[in-house]
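One structure below.
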Amino acid sequence: MSSELNIKNYFEYAKSLTLKAGEIFKCGFEGDKIVETKEYDWDLVTDYDKKIEDLLIKNLKEKFPDHEFIGEETMVGTKETPVLTDKPTWIIDPIDGTVNYTNGNPNTCISVALAIRKELVIGIIYNPIVSELYTAIKGQGAFLNDKPIKTTCNTELKKSIMEVELVSLRSRARDRDIRLGRLEAYFNITRGVRYLGSAAMGLAYVAKGAVDCLQMDFLQSWDVAAGVLIVREAGGTVIATKEDEYNVMKPRTIAAANETLAMEIKQLIVDTDLKTMRKRLTKTSMRRKV
Ligand code: IPD
Ligand code: CA
Ligand code: CA
Ligand code: CA
């Protein structure tokens, strides 16, 4: 059983390690790096993604030999689907926003989370470029550079700034129409739509109230785990818009905000998707008649 003291120890060690990894992160951001393309031309990886993940996992493993690890670059390499067991498990994205990173865009960060008995207990997001360290321990609040942060209490979508992180629109026609339909709705309803290009930074922005809400699609556990806990500890919630319960291991359409706003987004998605599907059906039946 992991006591509060253990969790505090895990946190302090992971925090100091993440700060150390931040130095490597900065070197790669400012200097030369090897950039490779993964499966799609919009999915990049650099030698620094691997260096940072190696440093984090090697040191955490040495310190906590009975812990498990889910790291983006390791998992993608094995092509296995990550499974969360009851064991303490570190969920790591060495660089979130690699495309920004390779372009010299500062919306990029390191994301480290710990789950124990499948529950998120530690979240750390570090953006070394702008020196922002977001942290949370379950039940103890969320912090930016040691100062408490809170999600906004804005409860109306029409008065909100909304961050979106959508997977590429170069997807099947049906999914593409659904996403474009949602985007149109967000543009029509909110005060503004933002696209940072880093899911973890997006969640951190929800937690500190720099955006009121966020909607994103099908991201992996390593993109969101730390941010989910940080949002929750900042008084917000993260929900799967098509399910009753959110499971961090299942990439889904999700909304993050205060409870009221998150529920408003959920309803908007249901209504908008229905309209899009109806439009598609009408188009298809008209084409058949011609
Ligand atoms: C990506 C970022 C991006 C999101 C992508 C993710 P990566 O993570 O979070 O904002 O839109 O879907 O894959 O690959 O830069 O770690
Ligand atoms: Ca990636
Ligand atoms: Ca990521
Ligand atoms: Ca990554």
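All of these numbers come straight from a predicted model, not from anything done at the bench. Just so you know, ligand 1 is whichever comes first in the structure, and atom 1 is the first atom listed for that ligand.
Near E72, meaning under 4.0 Å from one of its heavy atoms, ligand 1 places the atoms 14 (O), 16 (O). For ligand 1, the atoms lying closer than 4.0 Å to a non-hydrogen atom of D93 are 16 (O). Taking every heavy atom of G197 and a limit of under 4.0 angstrom, the matching atoms of ligand 1 come to 2 (C), 3 (C), 10 (O).
Excluding water, every protein N/O/S atom under 3.0 Å from the Ca ion (ligand 4) is given here by residue and atom: E72 OE1, D93 OD1, I95 O.
At a heavy-atom cutoff of 4.0 Å, ligand 1 is contacted by the backbone of S198 but not by its side chain.
The structure places CD1 of I92 at 4.5 Å from CD1 of I57, a figure rounded to the nearest 0.5 Å. In this structure, the separation between CD on E73 and NZ on K51 is 13.5 Å, given to the nearest 0.5 Å.
Taking the centre and axis of the six-membered ring of Y48, the NZ or CZ atom of K33 falls outside the cone set by 45° and 6.0 Å. Both the sub-6.0 Å distance and the 45° axial angle are satisfied by K208 relative to the ring of Y205.
R182 pairs in a side chain to side chain contact (heavy atoms under 4.5 Å, CB included) with only one of the listed residues (T253, L268, T276), which is T253. The salt bridge (Lys or Arg N to Asp or Glu O under 4.0 Å) test with K138 singles out one residue from E233, E4, E119, and that residue is E119.
Summarising the local packing, NZ of K279 is surrounded by 12 or fewer heavy atoms from other residues, nucleotides or ligands at distances under 6.0 Å.
Partners of Y101 according to the ring-ring contact (aromatic ring centres under 6.0 Å, His included) rule, which considers only residues two or more places apart in sequence or in another chain, are F25, F29.
Side-chain N/O atoms of S198 and N100 include no donor and acceptor closer than 3.5 Å.
The shortest N or O to N or O distance between V99 and ligand 1 is not below 3.5 Å. Taking distance alone, with nitrogen or oxygen atoms compared against 3.5 Å, A200 stays at or beyond that limit from ligand 1.
Looking at V164, V224, L219, I95 and measuring to atom 12 (O) of ligand 1, the nearest heavy atom belongs to L219. Evaluated by nearest non-hydrogen atom to atom 9 (O) of ligand 1, the leading choice among D223, T102, D96 is D96.
Within the 4.5 Å cutoff, no side-chain heavy atoms of Y134 are placed close to those of N127.
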